[in-house]
Amino acid sequence: MKTPMVIAGPCSPESKEQIDYLAKILSRIPGVSAMRAGLWKPRSLPGNFEGVGEKGLPWLSSVQEIHQIPVATEVILPHHVEQCLKHNIKILWLGARTTVNPFYVNEISKALKGTDVTLMVKNPINPDRKLWLGAIERVMNNGITQPVAVHRGFSVHNSPHYRNEPLWPLVEDLKAHFPEVPVLLDPSHITGNSYQIDPLLYFSPLENYSGMMIEVHEDPKNALSDAAQQIKPNRLSYLLNKYFTNSDAIQSIKTTKTTDHLLSK
Ligand code: PEP
Ligand code: MN
């Protein structure tokens with residue numbers, strides 16, 4: 001079955017109860033294929049919530065077992081990879097701040113060689129085509145045969161519209177270079193606020209994407225990180241229904257290469 005890959009969940013899980021509650025709801029929303037939950041949060045300013053870290057790993061593995069949904073988290077250091085492997089976390093991602101660093105990209109992808117973990121590579125913070133394509137090439141050279149790219153937008157000084165500007169032509173360029181690499185859209189980190197997500201999806205060239213990664217929280221305004229951009233689960237259902245099951249745009253997504261195999265491990 002050809003289905004879009006939709007990864008939804010909190011920017012960062014705050015407690016076991018919260019992640020259980022969200023997993024129960026998200027795993028029942030048609031179209032949600034995996035849950036996201038960033039345990040280690042690289043924050044620009046010190047003093048902000050940096051995620052619960054290692055303590056949350058058993059929460060994520062229990063979500064995978066109980067709710068039968070693969071969970072994705074961000075890895076920044078090679079020892080995060082080791083810890084995630086011990087807890088059987090199914091999907092890992094390189095964040096924008098890590099994709100910029102070829103040494104970290106190498107260390108992390110080497111640590112994953114030979115495993116069945118899916119590695120996602122977010123675009124780097126700055127709009128540098130070579131950094132993103134280079135990181136993808138590097139992970140493939142290190143034996144990660146089926147990485148997934150994530151377009152989370154690029155930091156542009158005084159961006160008039162969004163937290164991070166989407167660069168649609170750069171995604172086309174990436175697809176031309178790596179036709180086998182699925183690309184997910186991350187509307188949360190592009191817009192930086194929940195009210196622009198719907199219009200962004202409306203204007204996005206969804207036919208170039210194999211799905212999306214989106215931040216969902218049960219009480220966004222009280223979230224410990226990225227409060228402005230997280231949406232509630234019922235809003236996710238609405239958006240999935242509007243863009244990922246009914247629209248013409250998603251019909252073209254459905255006919256692109258399936259990503260089911262990446263999630264069925
Ligand atoms: C995130 O996904 O929560 C995150 C920190 O993303 P990025 O690396 O895109 O800033
Ligand atoms: Mn976030």
Side-chain angles (χ1 to χ4, degrees), residues 5-14 18-19 22 26 34-46 48-53 56 60 70-77 80-81 84 89-101 104-105 108-109 118-128 131-132 135-136 139 147-156 159 162-167 170-171 174 183-194 196-197 200 204 209 211-232 235-236:
M5 188 196 288
V6 174
I7 306 180
C11 176
S12 190
E14 295 156 21
Q18 180 217 18
I19 193 91
L22 276 172
L26 292 171
M35 186 166 180
R36 59 154 288 148
L39 293 178
W40 295 279
K41 302 303 303 171
R43 303 304 298 271
S44 301
L45 295 176
N48 287 326
F49 177 61
E50 291 184 338
V52 297
L60 305 195
V71 176
T73 199
E74 175 172 351
V75 284
I76 299 114
L77 298 170
H80 295 155
V81 177
C84 288
I89 307 302
K90 301 281 185 200
I91 308 169
L92 301 180
W93 81 79
L94 297 177
R97 293 162 185 76
T98 307
T99 303
V100 294
N101 187 322
Y104 282 117
V105 172
I108 290 171
S109 47
T118 296
L119 182 63
M120 306 198 292
V121 183
K122 283 195 159 197
N123 69 250
I125 294 185
N126 45 326
D128 184 326
L131 272 178
W132 197 13
I136 290 171
V139 306
V148 173
V150 181
H151 185 203
R152 51 78 83 192
F154 296 85
S155 179
V156 174
S159 166
Y162 300 116
R163 181 178 180 192
N164 293 294
E165 284 293 318
L167 293 180
L170 214 147
V171 171
L174 186 149
V183 189
L184 304 185
L185 183 66
D186 176 346
S188 309
H189 290 88
I190 290 177
T191 61
N193 62 66
S194 52
Q196 278 182 307
I197 289 180
L200 178 88
S204 300
Y209 292 86
M212 68 172 171
M213 170 140 95
I214 185 163
E215 289 190 340
V216 180
H217 192 283
E218 77 290 357
D219 181 15
K221 66 180 184 314
N222 289 312
L224 298 181
S225 59
D226 284 348
Q229 70 194 30
Q230 302 202 64
I231 58 170
K232 290 191 173 179
R235 184 74 180 157
L236 174 68

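All ligand and atom numbering here is 1-based and tracks the order in the structure. Keep in mind that what you see is a predicted model, and the values were worked out from it rather than measured.
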Which residue is it: Leu92, Val183, Val150? I am looking for the one with a side-chain contact (heavy atoms from CB on, under 4.5 Å) to Met120.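 Answer to the side-chain contact (heavy atoms from CB on, under 4.5 Å) test with Met120 among Leu92, Val183, Val150: Val150.
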Glu74, any N or O under 3.5 Å of ligand 1 N or O: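 The answer is no, given that Glu74 and ligand 1 share no N or O pair closer than 3.5 Å.
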Ignoring angles and geometry beyond distance, decide whether Arg36 reaches within less than 3.5 Å of ligand 1 through its nitrogen or oxygen atoms.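 Among all N and O atoms of Arg36, at least one is under 3.5 Å from an N or O of ligand 1.
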Of all the heavy-atom pairs spanning [X] and [Y], show the shortest one and how long it is.
{"X": "Thr73", "Y": "Gly38", "answer": "OG1-CA, 3.6 Å"}
{"X": "Lys122", "Y": "Ala96", "answer": "CB-N, 4.0 Å"}
{"X": "Asn222", "Y": "Glu14", "answer": "O-OE1, 4.5 Å"}
{"X": "Thr98", "Y": "Val75", "answer": "OG1-O, 4.3 Å"}

Do the ring planes of Phe154 and Trp132 sit parallel (below 30°), tilted (30 to 60°) or perpendicular (above 60°)?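 Perpendicular.
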Side chain to side chain donor-acceptor pair (under 3.5 Å) evaluation trace for His189 with Glu215: CA-CA 9 Å; His189 290 88; Glu215 289 190 340; 3.2 Å; yes
Between Asn123 and Thr99, does a side chain to side chain contact (heavy atoms under 4.5 Å, CB included) hold up when you go through it step by step? CA-CA 7 Å; Asn123 69 250; Thr99 303; over 6 Å; no
Only heavy atoms of Gly95, strictly under 4.0 Å: list the atoms of ligand 1 that pass.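 Counting from 1, the qualifying ligand atoms are 8 (O).
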Just which atoms of ligand 1 are under 4.0 Å from any heavy atom in Arg97?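 In order of number, 10 (O).
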Nearest to the Mn ion (ligand 2) - the N/O/S atom of [X], by atom name:
{"X": "Asp226", "answer": "OD2"}
{"X": "His189", "answer": "NE2"}
{"X": "Glu215", "answer": "OE2"}

Protein heavy-atom partner closest to [atom] - residue, atom, separation in Å:
{"atom": "atom 6 (O) of ligand 1", "result": "Lys122 NZ, 2.8 Å"}
{"atom": "atom 9 (O) of ligand 1", "result": "Arg152 NE, 2.6 Å"}
{"atom": "atom 4 (C) of ligand 1", "result": "His189 NE2, 3.4 Å"}
{"atom": "atom 3 (O) of ligand 1", "result": "Lys41 NZ, 2.6 Å"}
{"atom": "atom 8 (O) of ligand 1", "result": "Ala96 N, 2.8 Å"}

If only side-chain N and O atoms count, and only distance matters, is there a donor-acceptor pair under 3.5 Å linking Glu74 with His80?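 There is no such pair between these side chains.
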Contact check, Glu215 vs ligand 1, heavy-atom distance below 4.0 Å: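 Yes, Glu215 has heavy atoms under 4.0 Å from ligand 1.
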Strictly under 4.0 Å, does any heavy atom of Cys11 approach an atom of ligand 1?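 The answer is yes, since Cys11 has a heavy atom less than 4.0 Å from ligand 1.
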